[in-house]
Undergrad: 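Structure incoming, see below.
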Amino acid sequence: FNTSDIKCAKDVLKMFTKNFEEMPWEALTYVTGHVNYGGRVTDDIDRRCLMCILGRYYKPEVVSETNYKFSESGTYYDPPVGSHEKLMEYLRALPMIDNPEVFGMHANANITFQLQETRQLYET
């Protein structure tokens, strides 16, 4: 994925926000997952994974609950509205490398990723 993918997803979210009184979460998730990113995700299992990850972020609780937690540890949450500096403090406090929990995955997903990266490195 690249910057244009994120920009497109952001533009779709903005359009849905402006044009619908009540957010059509299912449609938003579908458009983002199958249309915006769908061309880049060709494997069915990977697409299901993408849709599950989007489902963690595109749901009413994210906007209706204060400081909605995206992870069980509470590391990743929806920061309260405030100053730019407060937002930057929150962002700087996040881990440099995202933990699998932010994507709804078990910590072992990171071990699997690292093993695959190591194999690929040795095979080149």
Side-chain angles (χ1 to χ4, degrees):
F1 305 120
N2 58 39
T3 306
S4 66
D5 295 322
I6 294 169
K7 183 181 179 329
C8 185
K10 185 183 92 176
D11 290 346
V12 168
L13 179 60
K14 186 176 181 179
M15 179 190 69
F16 273 61
T17 304
K18 283 184 172 182
N19 293 323
F20 294 96
E21 204 168 297
E22 188 172 319
M23 181 62 73
W25 295 103
E26 191 173 324
L28 177 63
T29 304
Y30 181 88
V31 169
T32 304
H34 290 290
V35 178
N36 292 4
Y37 293 111
R40 298 189 188 278
V41 181
T42 56
D43 181 83
D44 286 338
I45 294 173
D46 289 343
R47 189 181 337 276
R48 282 189 357 204
C49 181
L50 171 64
M51 297 307 289
C52 286
I53 291 169
L54 286 174
R56 293 177 60 85
Y57 293 90
Y58 284 6
K59 58 184 177 180
E61 295 84 359
V62 172
V63 293
S64 65
E65 293 180 17
T66 304
N67 294 346
Y68 177 82
K69 307 274 187 276
F70 293 105
S71 63
E72 287 185 28
S73 70
T75 301
Y76 302 93
Y77 62 90
D78 176 27
V81 175
S83 69
H84 178 263
E85 186 54 39
K86 286 286 186 189
L87 177 61
M88 294 308 295
E89 283 177 27
Y90 166 74
L91 294 174
R92 286 185 198 109
L94 291 173
M96 290 297 289
I97 298 173
D98 293 322
N99 295 318
E101 72 169 341
V102 73
F103 304 108
M105 297 179 183
H106 190 274
N108 287 346
N110 199 29
I111 295 169
T112 302
F113 168 74
Q114 290 173 352
L115 287 171
Q116 288 175 348
E117 289 288 301
T118 302
R119 277 192 210 106
Q120 187 177 13
L121 178 67
Y122 281 122
E123 290 172 0
T124 57

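When a residue number appears, it is its place in the shown sequence, counting from 1.
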Undergrad: What are the two closest heavy atoms between Met23 and Leu13, and how far apart are they?
TA: CE-CD1, 4.1 Å

Undergrad: So, the side chain of Asn99 versus the backbone of Glu101: is there a donor-acceptor pair under 3.5 Å, distance only?
TA: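 Not a single qualifying donor-acceptor pair exists.
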
Undergrad: Among pairs that include at least one residue of residues 80-92, which meet salt bridge (charged side-chain N to carboxylate O under 4.0 Å, His left out), considering only residues two or more places apart or in two chains?
TA: Glu85-Arg92

Undergrad: Val81: which other cluster members, linking ILVMFWY side chains closer than 4.5 Å, directly or transitively?
TA: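 Hydrophobic cluster check, Val81: no partners found.
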
Undergrad: Please enumerate all residues that pass side-chain hydrogen bond (donor to acceptor under 3.5 Å, both in side chains) together with Ser4, with sequence neighbours excluded.
TA: Asn2

Undergrad: Let me see the working for Arg119 and Leu115 under side-chain contact (heavy atoms from CB on, under 4.5 Å), right down to the final yes or no.
TA: CA-CA 6 Å; Arg119 277 192 210 106; Leu115 287 171; 4.3 Å; yes

Undergrad: To the nearest 0.5 angstrom, please state how far the OG1 atom of Thr118 sits from the CD atom of Glu123.
TA: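 The OG1 atom of Thr118 sits 10.5 Å away from the CD atom of Glu123.
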
Undergrad: Which residue pairs pass the ring-ring contact (aromatic ring centres under 6.0 Å, His included) test with at least one member in residues 100-124, sequence neighbours excluded?
TA: none

Undergrad: Salt bridge (charged side-chain N to carboxylate O under 4.0 Å, His left out): which pairs involve residues 69-81, sequence neighbours left out?
TA: none

Undergrad: When you look at CG of Leu121, are more than 12 heavy atoms from neighbouring residues, nucleotides or ligands closer to it than 6.0 Å?
TA: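 Yes - once you tally the heavy atoms of other residues, nucleotides and ligands closer than 6.0 Å, there are more than 12.
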
Undergrad: So, for Asn67 and Pro80, which heavy atoms are closest and what is the spacing to 0.1 Å?
TA: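 Heavy-atom minimum between the residues: OD1-CD, 3.3 Å.
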
Undergrad: Sequence neighbours excluded, which residues qualify as side-chain contact (heavy atoms from CB on, under 4.5 Å) partners of Cys49?
TA: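 For Cys49 the side-chain contact (heavy atoms from CB on, under 4.5 Å) partners, ignoring immediate neighbours, are Ile53, Met105.
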
Undergrad: Any ring-ring contact (aromatic ring centres under 6.0 Å, His included) pairs touching residues 39-88, not counting sequence neighbours?
TA: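 The answer is Tyr57-Phe70, Tyr68-Phe70, Tyr77-Tyr90.
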
Undergrad: In chain order, what residues pass the side-chain contact (heavy atoms from CB on, under 4.5 Å) check against Leu91, with sequence neighbours excluded?
TA: Leu87, Met88, Leu94

Undergrad: Excluding sequence neighbours, so at least two apart, what forms side-chain contact (heavy atoms from CB on, under 4.5 Å) with Ile97?
TA: none

Undergrad: Measuring from atom CE of Met51 to atom NE2 of His34, what distance do you get when rounded to the nearest 0.5 angstrom?
TA: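 Separation between the atoms: 3.5 Å.
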
Undergrad: Name all pairs fulfilling the side chain to side chain donor-acceptor pair (under 3.5 Å) condition that reach into residues 10-33, sequence neighbours left out, sorted by first residue then second.
TA: Lys7-Asp11

Undergrad: Would you name the heavy atoms of Asn36 and Ala9 that are closest together and state the gap between them?
TA: ND2-CA, 3.2 Å

Undergrad: Nearest 0.5 Å, what's the OG-NZ distance between Ser64 and Lys59?
TA: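 One finds 10.0 Å between OG of Ser64 and NZ of Lys59.
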
Undergrad: More than 12 heavy atoms of other residues, nucleotides or ligands under 6.0 Å from CZ of Arg48: yes or no?
TA: no

Undergrad: For a side-chain contact (heavy atoms from CB on, under 4.5 Å) check, start with the C-alpha distance between Gln120 and Glu117, then their side-chain angles and the critical distance, and finish with the verdict.
TA: CA-CA 5 Å; Gln120 187 177 13; Glu117 289 288 301; 4.0 Å; yes

Undergrad: Checking Thr112 now: which residues fulfil side-chain hydrogen bond (donor to acceptor under 3.5 Å, both in side chains) with it, not counting sequence neighbours?
TA: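 Once residues adjacent in sequence are excluded, Thr112 has no partner under the side-chain hydrogen bond (donor to acceptor under 3.5 Å, both in side chains) criterion.
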
Undergrad: Go through Leu28 and Phe20 one step at a time and tell me if the side-chain contact (heavy atoms from CB on, under 4.5 Å) criterion holds.
TA: CA-CA 11 Å; Leu28 177 63; Phe20 294 96; over 6 Å; no

